[in-house]
> 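My questions all concern the structure below.
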4 protein chains.
Amino acid sequence: MRTVNPDQHEKKRRELLGAALRRFAAEGVQASIASICAEAGVSPGHLYHYFPSKEAILEGIFQLVLDEATAHLSGDVQDARDLPALVADLYGGKGPSLLFDLLAESQRNAAIADRLRRHSAEMKQLLASAIARGQAAGLVDDTLPAAALATMLLAVLDGSKAIRLRDPAVDGGHAREMLLALVSRVLNFTRPAFPSV
Amino acid sequence: MRTVNPDQHEKKRRELLGAALRRFAAEGVQASIASICAEAGVSPGHLYHYFPSKEAILEGIFQLVLDEATAHLSGDVQDARDLPALVADLYGGKGPSLLFDLLAESQRNAAIADRLRRHSAEMKQLLASAIARGQAAGLVDDTLPAAALATMLLAVLDGSKAIRLRDPAVDGGHAREMLLALVSRVLNFTRPAFPSV
Amino acid sequence: MRTVNPDQHEKKRRELLGAALRRFAAEGVQASIASICAEAGVSPGHLYHYFPSKEAILEGIFQLVLDEATAHLSGDVQDARDLPALVADLYGGKGPSLLFDLLAESQRNAAIADRLRRHSAEMKQLLASAIARGQAAGLVDDTLPAAALATMLLAVLDGSKAIRLRDPAVDGGHAREMLLALVSRVLNFTRPAFPSV
Amino acid sequence: MRTVNPDQHEKKRRELLGAALRRFAAEGVQASIASICAEAGVSPGHLYHYFPSKEAILEGIFQLVLDEATAHLSGDVQDARDLPALVADLYGGKGPSLLFDLLAESQRNAAIADRLRRHSAEMKQLLASAIARGQAAGLVDDTLPAAALATMLLAVLDGSKAIRLRDPAVDGGHAREMLLALVSRVLNFTRPAFPSV
DNA sequence: CATGAATGAGCTTTCATTCAT
DNA sequence: CATGAATGAAAGCTCATTCAT
């Protein structure tokens, strides 16, 4: 008669999302429900107690990915001097990223496009206010509005992820340094920068 | 029973690739063979005279996309002053792009990863030599090696494509200007740049 | 741990059958256990305390439907003059009926076929004795045995339910009158009957 | 290059419908696609070259059933004296009939309901004109409009099919005679009729 | 060269049923 | 008594691919 703890339901949901994340990262968005279930050690029927459809799982995954990115940034951007390092840290792990699957999907799926845009707006806001503080302190170029610089930072972040796939030399070691150099150029810091590739 | 003109064969292959490109752009890599055949006005059996498998079609498509990008750049980069405009022109049309599908796929498909890297190396080479000429002429920052700047340009290009999906305001109008501002900053041109967003 | 009042058990069973009846009427015999549980506000596990299987529920439903029909007739058929009106009253409500599902199912399910036949025999008996009384009183045609007329009445009843599905004009308004006309003709009443359709 | 004979396509479609008819008759509308394919000796994928969905197959089947009924009647109803025999011949074979599945389904599926009604209207028309001729010849009761009598005949036909399921004695032997007796009473023939059951 | 009939494995999803709590 | 988590088989349907014509 007692309803089971809804926390447990949520916990299981997270577990399943974790399994799905691993399979999607490994196989792309084509990863089958069966594969996800095997990863999670769960029967196919059971998965549907937690998600109404495969699409819902995918949306959940993308939400997860985006939440993670936001969490990283929203920590504490007290000082504009931390910006380069902070931004560089957004730069994820070694394995395949779902970022490009997300971008690709958002071109064809309006719900996902919308979620991506809301997330990006939030990120931009966070970056822009840190930048504005930096501009006030004379640490950041103020010939451009903070919002414009924030947008450019977002672009540079995605581009840096892409370059790792394009250029194994960058991926090997200089990735972080290249990103820092790019950030500096966007924010108009005049550091010595980036060693030869 | 003479063999048909190989030119005609190649021409038909291109046509089929064009149809496939349209379907892949519209539906993503999940686009079915049947869908491509319908687009091309051809029977499924016939398609297999030109491509041994769906994967081969996908590779052909990605090759096409990459070739197009190269063709754009290799036109004539006589003067380094043309670089910003040229680079900005790489910036494709309005519809969905296959770039992110390509990047996503390259994370899981070694053959495609390889092709992407070879293409990127070629692009980098082209950009680097134009940059080097620009540096010699004193038009481009020479505190960094041309190769490093070329890599950064490639990153910025991909990032600019991504930002259009992230930020509809940018996609609406300022896309090109933002890319130019980014290019300027990478090459250390000191233009007035990018209007407020 | 006393056993719960068996009356209460029976009461709950009826409630569940009621919910099932509504779902089966609305969705046909394909209605899912989950759907029935939702209608009854009960968990699937709980349903199985009352019925060992879906088939048992279906049989219970059909029993219900048949019991209802019998109850109608067995009230009091004192006078044969009441027969037409009584028979016409068997004519159910507006919503979808389970009669045809029952007939269809009885062609493939021996248990249900058997139950249908036993019920029909009972109905026939009830009708036949009323008819016999009518014949004795000179109110009903006695050139045919009462049993034969009873069988014909049963046929006419089912046929009248079918005609409502076949002909929306009849369903709209003349349904009852048409049934009365048919009953009269079977019993050889010579009324003016049925208005033009 | 030559397109395959479309007749062959239609022929195959008929074959598949035949197989489906057998399975639906034997198992009811729950018969699975796999079962139908096994019956037809065809792979599941192939079935979908001929029908877009299971529902389409079901509609095709019902169409078949209805067409057959119409064909029977529309043969030649020259003389109203043939009506009883003709009508009685509509009375199909021994195996399970899809009539009740059709009636049940029509309560929940608008497309099928519509088809059933159009078919019934057509049947009614055919019967009514034969009846009208009978009335003109003084062979049929003319105190009721021909259309009303036709509707009653349709009801009586369905009811007679139902009674075979309700009463095995009728199904055993007297089915045809009972139907004839009912038809006579509807048309007001005054024959000796129906022997005791 | 060109068709489209045909396959069969695999897909996502549904569902009756069981069982620990 | 009552829940809902969990199962696993089977459902309808899709799809890359093959092949006789």
Side-chain angles (χ1 to χ4, degrees), chain A residues 1-6 8-9 12-13 30-37 40-57, chain B residues 1-5 8-9 12 30-37 41-58, chain C residues 1-5 8-9 12 30-37 41-58, chain D residues 1-6 8-9 12-13 30-37 40-57:
Chain A
M1 203 154 168
R2 218 171 342 123
T3 301
V4 172
N5 193 343
Q8 215 160 357
H9 187 274
K12 189 81 191 184
R13 212 187 101 103
Q30 299 92 340
S32 74
I33 292 283
S35 161
I36 294 169
C37 287
V42 140
S43 69
H46 192 39
L47 192 76
Y48 283 82
H49 277 283
Y50 295 92
F51 301 94
S53 68
K54 191 184 174 182
E55 174 140 348
I57 300 175
Chain B
M1 196 109 129
R2 244 179 318 130
T3 305
V4 171
N5 189 340
Q8 215 162 1
H9 187 274
K12 189 82 187 178
Q30 299 92 337
S32 73
I33 293 282
S35 163
I36 294 168
C37 288
V42 141
S43 70
H46 195 42
L47 192 79
Y48 279 81
H49 278 282
Y50 295 90
F51 301 94
S53 70
K54 190 185 175 182
E55 174 138 348
I57 301 175
L58 202 62
Chain C
M1 196 108 130
R2 242 181 318 130
T3 304
V4 171
N5 189 340
Q8 215 161 1
H9 187 274
K12 188 82 189 180
Q30 299 91 338
S32 74
I33 292 282
S35 162
I36 294 168
C37 288
V42 140
S43 69
H46 194 42
L47 191 79
Y48 279 81
H49 279 281
Y50 295 90
F51 302 95
S53 70
K54 190 185 174 182
E55 174 139 348
I57 300 175
L58 202 61
Chain D
M1 203 155 168
R2 218 170 342 122
T3 303
V4 171
N5 192 343
Q8 215 160 356
H9 187 274
K12 189 83 190 183
R13 211 187 101 103
Q30 298 92 341
S32 73
I33 293 284
S35 162
I36 294 168
C37 288
V42 140
S43 69
H46 192 40
L47 192 76
Y48 284 83
H49 278 284
Y50 295 91
F51 301 94
S53 68
K54 189 185 174 182
E55 174 140 348
I57 300 175

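This one's a predicted model, so the numbers in the text were calculated from it and none came from an experiment. Within every chain, numbering begins at 1; the chains are lettered A, B, ... in the order of the sequence lines, protein sequences first and strands thereafter.
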> Quick one: list whatever passes ring-ring contact (aromatic ring centres under 6.0 Å, His included) with B/His46, sequence neighbours left out.
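Partners of B/His46 by the ring-ring contact (aromatic ring centres under 6.0 Å, His included) criterion, ordered by chain and then number, come out as B/His49, B/Tyr50.
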> Closer than 3.5 angstrom, by distance alone: can the side chain of C/Lys54 be matched with the main-chain N or O of C/Ser32 as a donor-acceptor pair?
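It does not hold such a pair.
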> Do you know the tightest heavy-atom contact between B/Val42 and B/Leu47?
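For B/Val42 versus B/Leu47, the nearest heavy atoms are CG1-N, 4.0 Å.
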> Over all strands shown, is A/Tyr50 touching base, sugar-phosphate only, or nothing at heavy-atom distances under 4.0 angstrom?
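The residue A/Tyr50 makes sugar-phosphate contact but no base contact.
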> Can you confirm whether more than 12 heavy atoms, excluding those of D/Glu55, are under 6.0 Å from its CD atom?
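Open.
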> Closest-nucleotide mapping onto DNA chain E: is B/Gly41 or D/Lys12 further toward the 5' terminus? I mean the 5' end.
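Whichever sits nearer the 5' end wins; that is B/Gly41.
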> Between the two end axes of the helix from E/dA2-F/dT21 to E/dT21-F/dA2, each built from 5 base pairs, what angle do you get to the nearest 10°?
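Answer for the end axes of this duplex: 0°.
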> So if I define the base as every atom that isn't primed, P, OP1 or OP2, how would nucleotides 14-21 of chain F read as a B/S/- string at a heavy-atom cutoff under 4.0 Å?
BBSBBB--
> Tell me the interatomic distance from C/Leu47, atom CG, to F/dG4, atom P, rounded to whole angstroms.
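The answer, rounded to whole Å, is 14 Å.
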> Over all heavy atoms of both residues, which pair between B/Cys37 and B/Pro44 is shortest? Give the atoms and the distance, please.
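The answer is SG-CA, 3.4 Å.
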> Round to a whole Å and report the spacing from CD1 of C/Ile36 to C1' of E/dA16.
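Going from CD1 in C/Ile36 over to C1' in E/dA16 covers 11 Å.
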